[in-house]
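Lettering of chains follows the sequences in order, A, B, ..., and the numbering in each one begins at 1.
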Amino acid sequence: MAKRTPIDAGLFAGSLDVPRLRGSRCRSCGETTFPAQKGCPACTAQGCEEVALGTRGLLWTWTIQHFPPPHPYAGDADNFEPFPVGYVELPDGLRVEARLLGCDAASLEIGMEMELVLEPFARDEDGHEVVTFAFQPVSS
Amino acid sequence: MKISILGTGLQPFGRHDGVTPIEMGVVAAHAALDDAGLGWNDIQLAFAGSLEVLQPDTMIQHMGLTGIPFTTLYNGCATGGNLLLSAANAITAGAGDIAIAVGMDKHPRGAFSVGDTLESIGLGQWYGETGLALNPQYFAMKTKRYMHDYGISETCLDLTAVKAFENGSRTDHAWRRKAIPQDEIARSAMVCDPLRKFHFCSPSEGAAAVVLCRSDVARRYATRPVELRADVFRTRSYGSFETLSPSMPVKSAPSPSVQASRAAFEMAGIGPDEIQVAQVQDTEVGHEIMHLAECGFCKDGEQEGLIRDGETKIDGRIPVNTDGGLLANGEPIGASGLRQVHEVRRQLLGRGGRNQVPGNPRTGLTHVYGFPGVSCVTVLSV
Ligand SMILES: [Zn+2]
């Protein structure tokens, strides 16, 4: 199997074999932010600690992207297919924006349970698969 | 110190092939000066803003090299509001008596690009590469959740667009002057669910300028100065839902538009029920609907009845975006907030023509909102 490369290594905590998003938690107020950052946007404290975010949550809102995104979109704009996007509310006290897989306008519903997955997104110059994070409905 | 507006002017928004944004800024500045009955020699302080023009202050070469301080700033879609505020603050600080604020822009056709690198707007490149760095997605997702929470219908979205193009058809300087039937809007192509083509404004070209001064000297220059009762700029609090956000907290907070409008009403000493004409940021219809509540004109969810009953039309209880707003004029980002001031002043002076709000309105509001969670609100009165 070809090597997988994350679109940005800073987005993930640990190995891609068990994908987790890498966020940051404030040592003062406990608020969590994604992607990870040093300063806390909630209380101004500096020196947040890194945390691996939960992998399941509820869909808070969604849309369908119907036109090819402009530069610097790295997906296949020539063979563009509309794709869903949403915010998923995680148990960590934040909602993460992501591409959504395995669903469409007919099946998407606010409040449905979603889980984190990797999405093969493009290939880099060495032919390695480039992956990003996405959420898909939890199969019943 | 009190501040009065002596004149406003536009390079009408639209498409102006072969005209540079600086040239448009010069046209708007001269229109505002003519309206005020002043010359460039009378201006003691200048402020200009633009997304596409790196140094809009270079327009001074064409206005006249009088040596005045000329400040530039950029705050996304809130640029126009902050230009006026900064000019007013400089006058209040005693830097001069008469100032001009000029906004100008000339955007390429199509959706706004976030630029070559997302670093320049504080985001990782991955966010654009994976197709998430798009304002329309945010507009759609905030609208979708709001419709879910407060029972706003797709018909309410369509009627808001009908009203915008109807107002545009009554405004001689509007870009889109053709009314569009409701069914054509409802059938237009989906852009980002639930928002369709005719629910959105387009990037455009144009400029707007405002001449302002200390109120105690205003009578020397104008028979009917319009008073700037309040001008407030706010950035987001932790917990508000903003455009281009890879994540947002579950903990919620009022939007910058709520914060700015509340503070503006407090400063003006009046309530939203006393506003007789309003221009609010209508990048798309969902945000006009939500901004009605965020600016205090109704409670969340009341828009459904308010808009169905035509209360935001020119002859309604609270006429909104009387010149067709962004939908009918497009959005040259640097100029947009000052176009709103131009339109409210026209209304307060009874110069509205075919889109004049009836009943001699005396109090108006302008509101802009943009990335990264910024809002400016002004209250104007005669
Ligand atoms: Zn904190």
Is it the side chain or the backbone of [X] that comes within 4.5 Å of chain B heavy atoms, both, or neither?
{"X": "A:Q65", "value": "both"}
{"X": "A:A98", "value": "backbone"}
{"X": "A:F121", "value": "side chain"}
{"X": "A:A42", "value": "both"}
{"X": "A:F80", "value": "neither"}

**Prompt:** Would the number of heavy atoms belonging to other residues, nucleotides or ligands and lying under 6.0 Å from CD of A:E49 be above 12?
**Reply:**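 Yes - once you tally the heavy atoms of other residues, nucleotides and ligands closer than 6.0 Å, there are more than 12.
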**A:E109, CD atom: more than 12 neighbouring heavy atoms under 6.0 Å** =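 Counting neighbours around CD of A:E109, 12 or fewer heavy atoms of other residues, nucleotides or ligands fall under 6.0 Å, so no.
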Do the side chains of [Y] and [X] get nearer than 4.5 Å, heavy atoms only?
{"X": "B:K144", "Y": "A:W62", "answer": "yes"}
{"X": "A:I110", "Y": "B:R145", "answer": "yes"}
{"X": "B:L134", "Y": "A:P70", "answer": "yes"}
{"X": "A:I64", "Y": "B:M190", "answer": "no"}
{"X": "A:C40", "Y": "B:Y238", "answer": "no"}
{"X": "A:P72", "Y": "B:Q125", "answer": "yes"}
{"X": "B:M248", "Y": "A:L94", "answer": "no"}

**Prompt:** Do you know which two heavy atoms are closest between B:W126 and A:I7, and how far apart they sit?
**Reply:**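 Looking at all heavy atoms of both residues, the shortest contact is CB-CG2, 4.0 Å.
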**Message:** For a quick test of reading the model, state the closest non-hydrogen atom pair linking B:D193 to A:H66 and the distance between them.
**Reply:**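 Taking every non-hydrogen atom into account, N-CD2, 4.3 Å.
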Among [options], which residue forms the greatest number of heavy-atom pairs with chain B at distances under 4.5 Å?
{"options": "A:P35, A:G75, A:A77", "answer": "A:P35"}
{"options": "A:W60, A:F83, A:Y73", "answer": "A:W60"}
{"options": "A:P41, A:G23, A:A105, A:G10", "answer": "A:P41"}
{"options": "A:V96, A:L11, A:T33", "answer": "A:L11"}

Without swapping roles, check the side chain of [X] against the backbone of [Y] for a donor-acceptor pair under 3.5 Å.
{"X": "A:T61", "Y": "B:K142", "result": "no"}
{"X": "A:T63", "Y": "B:A140", "result": "no"}
{"X": "B:S247", "Y": "A:F34", "result": "yes"}

**Item:** Distance-only polar pair, side chains of B:Y138 and A:E97, donor-acceptor under 3.5 Å
**Value:**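 No, no side-chain donor-acceptor contact under 3.5 Å.
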**Message:** Can you tell me which portion of B:S237 sits under 4.5 Å from chain A's heavy atoms? Options are side chain, backbone, both or neither.
**Reply:**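 Neither the backbone nor the side chain of B:S237 comes within 4.5 Å of chain A.
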**Under 4.5 Å from any heavy atom of chain A - which part of B:L118** =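 Contact with chain A: side chain only.
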Could you have a look at [options] and say which one has the most heavy-atom pairs with chain A under 4.5 angstrom?
{"options": "B:S245, B:P194, B:G131, B:P246", "value": "B:P246"}
{"options": "B:C192, B:G124, B:A189", "value": "B:C192"}
{"options": "B:V191, B:T143, B:L123", "value": "B:V191"}

**Item:** Atom pair CZ (A:R95) and CE (B:M141), whose distance is rounded to the nearest 0.5 Å
**Value:**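 It comes to 12.0 Å.
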**Asked** Once the angle between the rings of B:F241 and A:Y87 is folded into 0 to 90°, is it parallel (under 30°), tilted (30 to 60°) or perpendicular (over 60°)?
**Response**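 The rings of B:F241 and A:Y87 stand perpendicular, inter-plane angle above 60°.
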